[in-house]
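Sequence lines set the chain letters: A, B, ... in the order given, protein chains first and strands last, and positions in each chain run from 1. Only this structure's heavy atoms are used, side chains among them; waters, hydrogens and symmetry mates stay out.
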Amino acid sequence: MVFEEKSRFGEFGRTGVLRTRAGDVNTPTFMPDGTRGAVKGLTPDQVSETGVGIVLANTYHLHLAPGEEVIKGLGGLHGFANRKGPMLTDSGGFQVFSLGKHTKITEEGVHFVDPKTGDKRFISPEISMQIQLDLGADMIVAFDHLVGLDDEITPEMIKDAFDRTHRWLERCIVEFKRLTSATQEKDRPALFGVVQGGLDIELRKESLRIVQDSEVDGIAIGGLSVGETREEMAIILQALAPLYRDDKPRFLLGVGTPEDLHIAIENGIDMLDCVLPTRNARHSSVWGADGAKLTLTNEKFKQDPDPIEISCDCYTCANGFSKAFLRHQFKSGDPLAGTLASIHNLRYMMRICEGYRK
RNA sequence: GCAGGGUUAGUGAAGCGGUCAAACACGACAGACUGUAAAUCUGUUGGCUUAUGCCUUCGUAGGUUCGAAUCCUACACCCUGCA
């Protein structure tokens with residue numbers, strides 16, 4: 001994978017092209033999460049038509065079911081999910097955090113219980129690399145350790161996760177190189193290292209330095225949008241913005257809202273992923289004109305003949321699906337409503353990204 | 001016609017003398033959702049409201065009782081048996 005910077009805007013913003021083994025993607029770009037291999041409720045074509053260039057899938061979920069051996073046997077994620085464009089797998093590190101009640105973290109790796117079957121499972125940096133290579137995504141992420149930002153989290157815990165993330169990164173790199181030693185450079189996936197450090201600016205800078213000095217293809221910023229305020233997140237992104245190397249893509253993990261997108265992109269972020277556009281859409285919440293957040297099930301839309309956003313060029317709006325129709329489908333429980341709303345929300349995010357590329 | 005059973009808030013359905021403005025479910029209304037254990041979760045849902053407050057409700061009309069959705073009587077309607 002190669003990243004080419006094309007232009008700059010503002011103090012730290014930039015546009016570019018991410019050349020992956022599965023095709024080129026213009027940046028900045030938003031990437032929807034298709035945790036189990038599919039963006040919920042959408043066909044691959046519907047996803048692509050919104051302008052989305054990269055789709056995420058999740059190591060943790062796909063490892064538990066159907067298992068990487070099944071997916072590998074069906075031609076990897078591209079064959080399995082019937083998606084031709086670039087794909088990226090997350091490492092499973094986030095689940096260590098979000099499913100914390102059922103996990104035990106040791107230096108070796110993470111022990112956890114499959115919530116569906118009750119089976120005891122284990123993922124380590126090495127196992128995460130193996131799974132991700134078997135899944136066959138074009139970009140993969142190092143197995144990291146993040147912590148939330150609750151009151152119960154101490155600076156020691158942040159530092160502990162910070163140090164472990166870097167030790168695990170080295171193990172990921174060693175294993176990644178071992179597993180891909182027989183693969184030509186142009187055919188191997190790209191590896192992203194993850195920056196941690198909570199809201200401690202000095203830790204964050206140190207983490208970025210460590211990750212950028214490592215043999216990684218891209219920089220991922222993790223551990224944000226986990227409970228902190230938007231201002232706190234912005235401070236971290238602003239602190240890191242002047243320190244990035246130009247030749248590697250910067251991927252902000254798990255962000256975010258339209259407002260977050262602007263903050264991130266203007267501070268040099270090239271790629272972002274988040275469940276919010278699609279999850280909210282399935283829950284009847286969409287973004288409309290001027291950033292307004294609309295709840296389509298609201299009674300006030302009962303007879304509203306207009307699309308979500310009159311000037312929007314997404315399939316849903318351009319074809320004139322009225323808010324009254326969408327409200328009715330949501331109220332009736334028809335999944336079509338979530339599909340149409342997801343298409344709009346994804347297009348909404350892509351329009352923000354495309355606005356910076358002009 | 002006789003014998004049983006039933007009628008509870010938008011709907012279904014608990015309650016069977018006081019702790020009942022009345023469980024619960026659905027519906028309705030509103031909110032949340034940020035590397036997806038999430039087509040999920042939360043709140044409100046008789047009226048007035050600041051209220052541990054007042055008013056009106058449990059088929060209809062009476063009655064018993066300090067007190068009734070709960071007991072009695074009559075009536076109305078519905079269901080099930082026997083004719």
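A/F330 is linked by a ring pair (Phe, Tyr, Trp, His ring centres under 6.0 Å) to nothing, counting only residues two or more places apart in sequence or in another chain. Judged as a ring pair (Phe, Tyr, Trp, His ring centres under 6.0 Å), and not counting sequence neighbours, the contacts of A/H262 are A/Y356. Looking at residues two or more places apart in sequence or on another chain, you find a ring pair (Phe, Tyr, Trp, His ring centres under 6.0 Å) between A/F162 and A/H166.
Counting to the nearest Å, the P atom of B/rC29 and the NZ atom of A/K300 are 13 Å from each other. B/rU34 atom C1' lies 5 Å from atom CG of A/L276, rounded to whole Å. Here B/rG35 presents its P atom at 17 Å from NE2 of A/H145, a figure rounded to the nearest Å. In this structure, the CG atom of A/N345 is 17 Å from the P atom of B/rU36, given to the nearest Å. For the pair A/L272 CG and B/rU36 C1', the computed distance is 17 Å after rounding to whole Å. Put simply, CG on A/L56 is 16 Å from P on B/rU34, counting in whole angstrom units. Taking atom CG of A/L88 as the reference point, atom P of B/rU36 lies 11 Å away to the nearest angstrom. Here B/rU34 presents its C1' atom at 14 Å from CE of A/M31, a figure rounded to the nearest Å.
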Quick one: side chains of residues 87-100 of chain A, donor-acceptor pairs under 3.5 Å with protein atoms, not counting sequence neighbours, listed by atom name and distance.
{"from": "A/T89", "atom 1": "OG1", "to": "A/Q132", "atom 2": "OE1", "distance (Å)": "2.9"}
{"from": "A/S91", "atom 1": "OG", "to": "A/G93", "atom 2": "N", "distance (Å)": "3.0"}
{"from": "A/S91", "atom 1": "OG", "to": "A/A142", "atom 2": "O", "distance (Å)": "3.3"}
{"from": "A/Q95", "atom 1": "OE1", "to": "A/N58", "atom 2": "ND2", "distance (Å)": "3.4"}
{"from": "A/S98", "atom 1": "OG", "to": "A/F94", "atom 2": "O", "distance (Å)": "3.4"}

Give every donor-acceptor pair under 3.5 Å between a side-chain atom in residues 25-32 of chain A and any protein atom, sequence neighbours left out.
{"from": "A/T27", "atom 1": "OG1", "to": "A/G16", "atom 2": "N", "distance (Å)": "3.1"}
{"from": "A/T27", "atom 1": "OG1", "to": "A/G16", "atom 2": "O", "distance (Å)": "3.2"}

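Using a 4.0 Å cut-off, some side-chain N or O of A/N58 falls inside it from OP1 or OP2 of B/rU36. The phosphate of B/rA30 (OP1 or OP2) has a side-chain N or O of A/N298 nearer than 4.0 angstrom. Put simply, A/K331 has no side-chain N or O that comes within less than 4.0 Å of OP1 or OP2 on B/rG27.
Checked by atom type, the side-chain pair A/T257/A/R230 shows a donor-acceptor distance below 3.5 Å. With 3.5 Å as the limit, one finds no donor-acceptor pair spanning the side chains of A/T59 and A/S128. A/T117 and A/D119 form a side-chain donor-acceptor contact under 3.5 Å, judged by distance and modelled atom types alone. Between the side chains of A/H145 and A/R164, at least one donor-acceptor pair of N or O atoms lies under 3.5 Å.
With a 3.5 Å ceiling on both atom-pair distances, the Watson-Crick or G-U wobble partner of B/rG81 is B/rC2. Base pairing analysis places B/rC29 opposite B/rG43; the two distances defining the Watson-Crick or G-U wobble pair are each below 3.5 Å. As the counterpart of B/rA14, no nucleotide is assigned, since no Watson-Crick or G-U wobble pattern has both distances under 3.5 Å. Pairing of B/rG35, defined by two Watson-Crick or G-U wobble distances under 3.5 Å, is not identified with any nucleotide. Searching all strands for a Watson-Crick or G-U wobble partner of B/rU52 with both distances below 3.5 Å returns nothing. The partner of B/rA61, taking Watson-Crick or G-U wobble pairs whose two distances both stay under 3.5 Å, is B/rU73.
Sorted by residue number, the members of residues 228-241 of chain A with any non-hydrogen atom under 4.0 Å from RNA chain B read A/R230. For the segment residues 248-266 of chain A, residues with any heavy atom less than 4.0 angstrom from an atom of RNA chain B are, sorted by number, A/L253, A/G254, A/V255, A/G256, A/T257, A/D260.
Other residues, nucleotides and ligands place more than 12 heavy atoms under 6.0 Å from the CD atom of A/E5.
Spacing between B/rC75 and B/rC55 at atom P, rounded to whole Å, works out to 34 Å. Across B/rC16 and B/rU70, the matching P atoms stand 12 Å from one another, rounded to whole Å. Taking the C1' atom of each, B/rU19 and B/rG81 are spaced 41 Å apart, rounded to whole Å. To the nearest whole angstrom, the two C1' atoms, one in B/rG6 and one in B/rU60, are 16 Å apart. B/rC71 sits 15 Å from B/rG15 when the C1' atoms are compared, rounded to a whole Å. Separating the P atom of B/rA9 from that of B/rU57 is a span of 14 Å, rounded to the nearest Å. With C1' as the reference atom, B/rC78 and B/rA30 are 38 Å apart, rounded to whole Å. Comparing the P positions of B/rG46 and B/rU11 gives an interatomic distance of 13 Å, to the nearest angstrom.
Counting only distance, with no hydrogens or angles, the side chain of A/S285 and the backbone of A/T295 share no donor-acceptor pair below 3.5 Å.
Comparing B/rC33, B/rC29, B/rU36 by their nearest atom to the side chain of A/T35 picks out B/rU36.
Between A/E299 and A/K302, none of the side-chain N atoms (NZ, or NE/NH1/NH2) sits under 4.0 Å from a carboxylate O, so this pair counts as no salt bridge.
Across all strands, A/D273 comes closer than 4.0 Å only to sugar-phosphate atoms, never to a base (heavy-atom distances). Using a 4.0 Å heavy-atom criterion, one finds that A/R327 contacts the sugar-phosphate atoms exclusively. The residue A/T297 sits close only to the backbone: its heavy atoms come under 4.0 Å of sugar-phosphate atoms, none of a base. Nucleic acid contact for A/V226: none, since no nucleic acid atom lies under 4.0 Å from a heavy atom of the residue. Within 4.0 Å of A/Q196, counting heavy atoms only, lies at least one base atom of the nucleic acid.
In this structure, CG on A/D304 lies 4.0 Å from NZ on A/K323, to the nearest 0.5 angstrom.
Contacts classified as side-chain hydrogen bond (donor to acceptor under 3.5 Å, both in side chains) and involving residues 271-282 of chain A (residues at least two apart or in different chains) are not found. Applying the ring-ring contact (aromatic ring centres under 6.0 Å, His included) test to pairs two or more places apart or on separate chains, those with a residue in residues 40-75 of chain A are A/Y60-A/F112.
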Listing time: all N or O pairs from protein to nucleotides 37-39 of chain B that are below 3.5 Å?
{"from": "B/rA37", "atom 1": "OP2", "to": "A/S98", "atom 2": "OG", "distance (Å)": "3.0"}
{"from": "B/rA37", "atom 1": "O5'", "to": "A/H61", "atom 2": "NE2", "distance (Å)": "3.4"}
{"from": "B/rA37", "atom 1": "N6", "to": "A/H102", "atom 2": "NE2", "distance (Å)": "2.4"}
{"from": "B/rA38", "atom 1": "OP2", "to": "A/R36", "atom 2": "NH1", "distance (Å)": "3.3"}
{"from": "B/rA38", "atom 1": "OP2", "to": "A/R36", "atom 2": "NH2", "distance (Å)": "3.2"}
{"from": "B/rA38", "atom 1": "N7", "to": "A/R279", "atom 2": "NH2", "distance (Å)": "3.1"}
{"from": "B/rA39", "atom 1": "OP2", "to": "A/R282", "atom 2": "NH1", "distance (Å)": "2.5"}

Show each protein N/O and nucleotides 9-12 of chain B N/O combination with a separation under 3.5 Å, one pair to a line.
none

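The base of B/rG35 is paired with the side chain of A/D144 by a donor and an acceptor separated by under 3.5 Å.
Place A/T295 and A/G92 on RNA chain B by their nearest nucleotides, and A/T295 ends up nearer the 5' end.
Under a 4.5 Å side-chain heavy-atom cut-off, the cluster of Ile, Leu, Val, Met, Phe, Trp and Tyr residues that includes A/V2 has no other member.
In terms of heavy-atom proximity, A/P277 sits nearest to A/N345 at O-ND2, 3.0 Å.
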